[in-house]
Amino acid sequence: MKILITGGAGFIGSAVIRHLLRDTDHSVVNVDALTYAGNLASLGEVSGDARYAFEHEDICNAEAMARVFATHRPDAVMHLAAESHVDRSIHGPADFLATNLVGTGVLLEAARAYWEGADESCRKSFRFHHVSTDEVYGDLEGPEGLFTESTPYAPSSPYSATKAGSDHLVRAWHRTFGLPVLVTNCSNNYGPYHFPEKLIPLMILNARAGKPLPVYGDGQQVRDWLYVEDHARALVRVLEAGRVGETYNIGGHNECTNLAVVETICDLLEELTYERPESVARYRDLITYVQDRPGHDLRYAIDAGKIEQELGWRPVETFESGLRKTVQWYLDNDDWVEGVTSGAYREWTARHYGDA
Ligand code: NAD
Ligand code: TYD
């Protein structure tokens, strides 16, 4: 297949592209606007591959999207481009409304026009795979219960509300126009090339720099963590074998409180680094409780039984093995980290955390 991937310079999109070019025969057209979250450095190992092409475009631009479909004539779309950070959506929802809602609508219309004009065999095999989040389901109260594919939508933040809206658009394009869609909703990802405004890379980098580790509220919120390469494998499996019109939940079977995640990172750094910053006796001493996020979801947890039973996918990494690899990757990749922690990143941390 020739797969048009939106958001391929981001954290998960770049993992999908590396997986596709390394482990399959598919080719890739990466459509990315290169916002603060997009980094071509995450694609260094594949950018010279003859099966890879890059289009520097915004998915909100209808003319550009029509041109991209006409030029590349893809067999499938994997739609990952989005504004993805909950805290940024609280500071300023406008970009989330534009990319997640309008951009998804523009992309659907470009895909529909292309698909309606395609020949019979392409129309039959074409897929539009929308990559979404478990945050559309809102949160779970208490330690019991899991999100299934039929859990009602109840998003809490501007991020999750715009992702929920984009999911509805994709399903409407299937029901009304017959566009052959697939939808996946995944839990929190972590791993290499993760932009360091998100919990895990932020804590690794702050700890190494001897800066406070800002835990929101009491740190007892629970997330289900999935190693990004496991997610990439799941997405390709769904694209190749998922049933049209279906939704698949993807999760890591790794529920953990935020505080436990941060403490584990501290312990791994104690083990894996030779020296701490001078002022730091133990990395755990840097843990600092800060004001909670407004509307903070308490617990996310996924029932990933459907994708396992229908498509035979299970995560390979445990949280222990995946987190160890991740911490080691950040220790080994100063160049990538330096490249992304300049201008826009510093502005964000100064604005959101003050001096932290
Ligand atoms: P990310 O923020 O790291 O990357 C987003 C990418 O989209 C960037 O390369 C950015 O340049 C690009 N982009 C943003 N706006 C664009 C636009 N208007 N036009 C073209 N490109 C644009 O995000 P991520 O963490 O890789 O997430 C990818 C997708 O997976 C998102 O749709 C997100 O909702 C979903 N998801 C993320 C997680 C997670 O834990 N990170 C979990 C489940 C689902
Ligand atoms: P995040 O990585 O932003 O993902 P999401 O909000 O999509 O789950 O945050 C993960 C959890 O970590 C979430 O409960 C908020 C919390 N958190 C902190 O406690 N401190 C921080 O500085 C950040 C960025 C997140």
Side-chain angles (χ1 to χ4, degrees), residues 5-16 30-40 42-43 55-61 64-65 78-90 95-96 98-100 102-104 106-107 130-136 139 156-157 159-160 162-163 166-167 184-191 193-203 206 212-226 228 231-232 235 250-252 256-259 261-262 287-293 296-300 302 340 348-349 352-353 356:
I5 297 188
T6 70
F11 168 49
I12 300 171
S14 67
V16 172
N30 175 17
V31 177
D32 201 295
L34 299 182
T35 68
Y36 78 92
N39 291 292
L40 291 178
S42 307
L43 292 164
E55 290 278 3
H56 185 188
E57 296 289 2
D58 187 327
I59 59 163
C60 299
N61 181 339
M65 289 308 103
M78 295 175 92
H79 175 35
L80 293 98
E83 288 293 334
S84 69
H85 187 33
V86 173
D87 294 321
R88 279 185 193 258
S89 83
I90 296 168
D95 288 345
F96 291 73
T99 289
N100 300 1
V102 177
T104 299
V106 167
L107 189 71
H130 178 60
V131 177
S132 192
T133 164
D134 62 352
E135 302 192 27
V136 297
D139 61 356
S156 313
S157 71
Y159 164 65
S160 53
T162 55
K163 287 298 289 187
S166 68
D167 294 10
T184 50
N185 295 89
C186 186
S187 61
N188 284 56
N189 284 215
Y190 69 101
Y193 303 101
H194 203 182
F195 194 74
E197 66 187 1
K198 303 281 173 71
L199 178 76
I200 289 179
L202 180 93
M203 295 298 166
N206 277 17
L213 306 180
V215 171
Y216 297 164
D218 60 5
Q220 292 309 306
Q221 304 83 5
V222 173
R223 298 291 182 264
D224 168 25
W225 294 97
L226 178 67
V228 67
H231 188 197
L235 293 177
I250 305 171
C256 206
T257 65
N258 292 338
L259 183 59
V261 170
V262 177
I287 293 174
T288 308
Y289 295 93
V290 300
Q291 195 179 0
D292 208 352
R293 170 188 281 173
H296 200 167
D297 282 336
L298 293 174
R299 175 172 168 257
Y300 303 142
I302 282 267
V340 302
W348 166 253
T349 50
H352 186 60
Y353 298 102

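Computed from a prediction, not measured in an experiment: that's the story for all the values here. Start at 1 and go down the list; that is how both ligands and their atoms are numbered. Values reported hereafter were calculated over all heavy atoms of this structure, with side chains retained and with hydrogens, waters and symmetry mates removed.
- There is no side-chain donor-acceptor pair under 3.5 Å between Tyr159 and Glu83.
- Here the shortest heavy-atom distance to atom 5 (C) of ligand 1, taken over Ala82, Ala15, Ala9, belongs to Ala82.
- Checked against a 3.5 angstrom limit, the closest N/O atoms of Ala81 and ligand 1 fall outside it.
- The shortest separation from a heavy atom of Ser187 to ligand 1 is under 4.0 Å, placing the residue in contact.
- Remark: ligand 1 and His79 share no N or O pair separated by less than 3.5 Å (distance only, no angle test).
- Of all the atoms in ligand 2, the ones that sit under 4.0 Å from a non-hydrogen atom of Lys198 are 2 (O).
- Of the candidates Ile5, Asn39, Ile59, it is Ile59 that places a heavy atom closest to atom 19 (N) of ligand 1.
- The nearest protein atom to atom 37 (C) of ligand 1, hydrogens excluded, is given as Ile12 CD1, 3.3 Å; this is a heavy-atom distance.
- Contacts between Thr133 and ligand 2, counted as non-hydrogen atom pairs separated by less than 4.0 Å, are absent for every part of the residue.
- Among Glu135, His85, Gln220, the residue whose heavy atom lies nearest to atom 5 (P) of ligand 2 is Glu135.
- Among Thr6, Val31, Asp58, Thr104, the residue whose heavy atom sits closest to atom 17 (C) of ligand 1 is Asp58.
- Not one N or O of Cys60 is nearer than 3.5 Å to an N or O of ligand 1, by distance alone.
- Nearest to atom 44 (C) of ligand 1 among the protein's heavy atoms is Ser132 O, 3.1 Å.
- At the shortest separation from atom 29 (C) of ligand 1 among protein heavy atoms lies Leu80 O, 3.2 Å.
- When only non-hydrogen protein atoms are considered, atom 20 (C) of ligand 1 lies nearest to Ala33 N, 3.2 Å.
- Contact annotation for Glu57 and ligand 1: only backbone heavy atoms (N, CA, C, O) come within less than 4.0 Å of the ligand.
- The shortest N/O to N/O separation between His231 and ligand 1 does not fall below 3.5 Å.
- Checking only distances, Asn189 does come within under 3.5 Å of ligand 1, N or O to N or O.
- Ligand 1 has an N or O atom lying under 3.5 Å from an N or O atom of Thr35, backbone or side chain.
- Polar contact check, Phe11 against ligand 1: a nitrogen or oxygen pair lies under 3.5 Å apart.
- Of the protein's non-hydrogen atoms, the one nearest atom 34 (O) of ligand 1 is Tyr159 OH, 2.7 Å.
- The shortest separation from a heavy atom of Gly103 to ligand 1 is not under 4.0 Å, leaving the residue out of contact.
- Of the N or O atoms in Tyr216, one or more lie within a sub-3.5 Å distance of an N or O in ligand 2.
- Nearest protein neighbour of atom 22 (O) of ligand 2, counting heavy atoms only, is Tyr353 OH, 2.6 Å.
- Interface of Val215 with ligand 2, defined as ligand atoms under 4.0 Å from a residue heavy atom, comprises 19 (O).
- Residue Tyr36 places no heavy atom under 4.0 Å from ligand 1.
- Heavy atoms of Asp134 found under 4.0 angstrom from ligand 1: none, in either backbone or side chain.
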